[in-house]
Every structure is written in C-alpha cells, then in structure tokens.
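Right, one structure below, let's go through it.
Note that these values count all heavy atoms, side chains included, but never hydrogens, waters or copies made by symmetry.
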Amino acid sequence: MSMVQQAIEVSAPVHTVYEQLAAFENYPRFMTGVRQVTSIGADQTHWIMDVDGKRREFDAQIIERSPDERVSWSTMEGPLLAETITLRPMGETKTQIVAQLEADIAFLMPSDRHGQESLNRRLKADLTTFKGLVESGVLGGRPIPHGGAVTMGTRSQNLLPGVDAPSPAAVAARIRNRNTPAPSPGAGWDTGVAGTARMGGRTSGADMWGNGMINEEERG
C-alpha cells in the first residue's frame, strides 16, 4: 500500500475548483485510467477503469464534500483506492489543491516496478491536467447535481494540508468498518479477462473499448 501527496496552484476561484472536483463525472477528463464515473446514490459512485489494458469496475463511497474546502472518497470493497483533496483559497482568483492518494500498487499498476515513485508522478500529472482544463475553461461553471453533496463529520475551518484533513487511509477505514457482512473470498474487484470480469456486484456487459487502453488524446 502506498500513499502520495501533491499540491498545485490553479488560477481559478476556489468555488469553481471545488465544483469540478465534487462532480465525479468529471474525473475521466483528468484522472489516469478512469473511463467513466456515474452516481448510484447521494453518496456513492460507480467507476470503470482501465488497469493494464483490462476493464475494472468498482463502487466508491463519498465520505466528504465540504463546499469550497474538501472532497474525500474511497473504494468500498476490494483493493484500496482512496483520495482526499483539500482546497485552500489563495486570494479571489487562485486556489491551492492538495491531493493525497492512497492505492494498492499491486492492483493499480501491476506491471510497474517503481511503485510509489510512479504513483507520485501519476498524481502530479493528473493535477496538472486538471489545472489546464480549469484554466482553459474546458471545465468550469458546471453545477453539482442537487442532492449529491455529502459531508460526514464537522466542517473544518483549517485548510492547511495534513492538519485536520482525513487521510485516505482513515477514509477507507470508515467505509470498511461500516460494510457488513464482509465479502466472501473472491468477491469485490474482478481479476478476470477484459470485458467479462466484474467488481462491485453489478452486472457487466461487453468491453465497449476493446482492450480497454486509454490514450493521452482522450484524456486531454
């Protein structure tokens, strides 16, 4: 298990940045390997990802969406993928984003032998892509669906990273402690062939993207 943290400054008001990060359907635009994110409830989302050319699906719990402050989410079962994003306004037109990402490296990048270093570069690249999309106006001004905002716990007033933001590990622990009964062996994330496998207990169709690979032009 590895955790990495990256920070970046975006030339956009904090509310604009928050709106785009709290709308999870935007994540395929900038998060490596993510093909689709759809809402399946007020505080849950269903993800489709490409992992080494194979289609993987899972459900994630939204732990926190504190307006203009923080977004936090984690997988509900199977290999861990969790993120906490904290926003800090830098005046009226700039925002600092601090992202903490924790992942099961063996799942997310099974053929990569550089583990945490590669995960760190990946997070930095994702934030850089997000910055470009917001600053260019490709992302911006899109409202968050009504009924989707969820905040668990008290609203934090201290935005300094690492002070009171819940870590991805803490986020994941909350979810796993609530999920009962525990999944049976083999349940959860799929490890089968692309287009036939399944994670998260939902019916899967054929792989509409062939081998599931994503290229940089699609991400941009």
Side-chain angles (χ1 to χ4, degrees), residues 3-47 59-75 81-102 120 122-168 170-172 174-175 218-220:
M3 181 189 292
V4 295
Q5 177 173 299
Q6 286 286 338
I8 197 168
E9 187 175 291
V10 178
S11 296
V14 66
H15 185 64
T16 297
V17 175
Y18 168 78
E19 281 188 330
Q20 308 317 312
L21 290 171
F24 285 88
E25 65 269 21
N26 286 334
Y27 280 51
R29 308 289 295 274
F30 61 85
M31 191 170 180
T32 303
V34 179
R35 295 306 307 239
Q36 185 178 10
V37 182
T38 54
S39 175
I40 56 174
D43 61 352
Q44 292 181 9
T45 51
H46 183 72
W47 295 55
D59 292 337
Q61 182 92 23
I62 302 168
I63 296 300
E64 182 175 357
R65 278 195 288 201
S66 295
D68 301 348
E69 292 186 6
R70 188 171 297 117
V71 176
S72 189
W73 60 273
S74 175
T75 51
L81 184 60
E83 188 172 37
T84 296
I85 304 172
T86 303
L87 305 180
R88 183 183 183 189
M90 310 290 287
E92 294 184 359
T93 59
K94 292 187 178 181
T95 303
Q96 183 189 51
I97 302 173
V98 179
Q100 289 180 314
L101 179 67
E102 186 171 17
N120 195 50
R122 183 167 174 163
L123 178 58
K124 183 177 181 179
D126 290 348
L127 289 178
T128 300
T129 300
F130 176 80
K131 170 184 170 74
L133 290 172
V134 172
E135 291 183 349
S136 67
V138 174
L139 289 179
R142 187 175 185 179
I144 301 170
H146 292 296
V150 175
T151 300
M152 303 187 71
T154 58
R155 179 182 174 96
S156 168
Q157 298 301 321
N158 191 333
L159 300 181
L160 292 178
V163 176
D164 60 358
S167 69
V171 168
R174 292 186 206 173
I175 292 174
E218 291 176 325
R219 288 186 63 243

Worksheet item: Would you say the side-chain atoms of N26 pair up with the backbone N or O of Q20, donor to acceptor, closer than 3.5 Å?
Response: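 Side chain of N26 to backbone of Q20, a donor-acceptor pair under 3.5 Å: yes, one is there.
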Item to complete: State whether the side chain of S72 and the backbone N or O of E64 hold a donor-acceptor pair below 3.5 Å, judged by distance alone.
Response: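 No.
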Fill in: Name of the residue among R70, Q5, E69 meeting side chain to side chain donor-acceptor pair (under 3.5 Å) with T86
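That would be R70; it is the only one of R70, Q5, E69 passing the side chain to side chain donor-acceptor pair (under 3.5 Å) with T86.
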In the structure I gave you, are the side-chain heavy atoms of [X] and [Y] within less than 4.5 Å of one another anywhere?
{"X": "K94", "Y": "V10", "result": "no"}
{"X": "Y27", "Y": "L21", "result": "yes"}
{"X": "M90", "Y": "E9", "result": "yes"}
{"X": "Q61", "Y": "D43", "result": "yes"}
{"X": "S74", "Y": "L81", "result": "no"}
{"X": "W73", "Y": "T45", "result": "no"}
{"X": "V71", "Y": "F24", "result": "yes"}

Rounded at 0.5 Å granularity, tell me how far [atom1] in [X] sits from [atom2] in [Y].
{"X": "I85", "Y": "L87", "atom1": "CD1", "atom2": "CG", "value": "7.5 Å"}
{"X": "I62", "Y": "S39", "atom1": "CD1", "atom2": "OG", "value": "6.5 Å"}
{"X": "M3", "Y": "N120", "atom1": "CE", "atom2": "CG", "value": "12.5 Å"}
{"X": "R88", "Y": "T95", "atom1": "CZ", "atom2": "OG1", "value": "11.5 Å"}
{"X": "E102", "Y": "L123", "atom1": "CD", "atom2": "CG", "value": "12.5 Å"}
{"X": "I97", "Y": "I8", "atom1": "CD1", "atom2": "CD1", "value": "7.0 Å"}

Discussion item. According to side chain to side chain contact (heavy atoms under 4.5 Å, CB included), who are the partners of T93, at least two apart in sequence or on a separate chain?
Written reply: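 For T93 there are no side chain to side chain contact (heavy atoms under 4.5 Å, CB included) partners, ignoring immediate neighbours.
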Worksheet item: Partners of E135 by side-chain hydrogen bond (donor to acceptor under 3.5 Å, both in side chains), sequence neighbours excluded?
Response: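 In terms of side-chain hydrogen bond (donor to acceptor under 3.5 Å, both in side chains), with neighbours along the sequence ignored, E135 is linked to S11, K131.
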Practice prompt. Mind listing the closest non-hydrogen atom pair of T32 and R122 along with its distance?
Written response: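 Here T32 and R122 meet closest at O-NH2, 3.0 Å.
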Item to complete: For residues V34 and W47, report the shortest heavy-atom separation together with the two atoms involved.
Response: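 Where V34 meets W47 most closely, the heavy atoms are CG2-CZ3, 3.8 Å.
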Item to complete: Identify, with sequence neighbours excluded, every residue that meets salt bridge (charged side-chain N to carboxylate O under 4.0 Å, His left out) alongside K124.
Response: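 Here no residue qualifies.
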